[in-house]
Amino acid sequence: MKAINGGYAAAEFRHANGGTIYDAVTANAPTSDGTGWFASQLKGKVQARALCVQVS
C-alpha cells in the first residue's frame, strides 16, 4: 500500500478564553516510508487518516 493523500480529525479544539489555541495540530504528513499518515497535536487527541492505493 502507498499513501497518496491524508489528513487528520482533531478530537479536541480548545481555546484560552477566546485567545491562543491550546490543541493546535503540530504535524500532518505522510510517514517516512510512504505507507501511511501521521498527525500529532499539542494536547488532546488527533486521528490521522490516509487514502491509500495498492501498489504491485
Side-chain angles (χ1 to χ4, degrees):
M1 300 297 279
K2 179 175 175 107
I4 58 170
N5 202 348
Y8 63 88
E12 296 182 21
F13 201 71
R14 299 184 194 145
H15 293 267
N17 297 322
T20 305
I21 298 171
Y22 285 147
D23 293 340
V25 175
T26 58
N28 176 33
T31 57
S32 61
D33 63 3
T35 61
W37 204 265
F38 75 95
S40 67
Q41 195 169 8
L42 290 174
K43 295 182 181 182
K45 296 180 182 179
V46 63
Q47 182 182 69
R49 299 187 176 179
L51 176 63
C52 299
V53 295
Q54 182 73 36
V55 292
S56 51

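This one's a predicted model, so the numbers in the text were calculated from it and none came from an experiment. For this chain, numbers begin at 1 and follow the sequence in order.
- In Y8, the OH atom is not crowded: 12 or fewer heavy atoms of neighbouring residues, nucleotides or ligands sit closer than 6.0 Å.
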The test is side chain to side chain donor-acceptor pair (under 3.5 Å); show your working for N5 and W37 and say whether it passes.
CA-CA 8 Å; N5 202 348; W37 204 265; over 6 Å; no
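- Nearest approach of T35 to C52, heavy atoms of both residues: O-SG, 4.3 Å.
- The NZ atom of K2 lies 9.5 Å from the CG atom of D33; values are rounded to the nearest 0.5 Å.
- Across every non-hydrogen atom of M1 and V55, the tightest pair is N-CG2, 4.2 Å.
- The shortest heavy-atom contact between A39 and A48 is N-CB, 3.9 Å.
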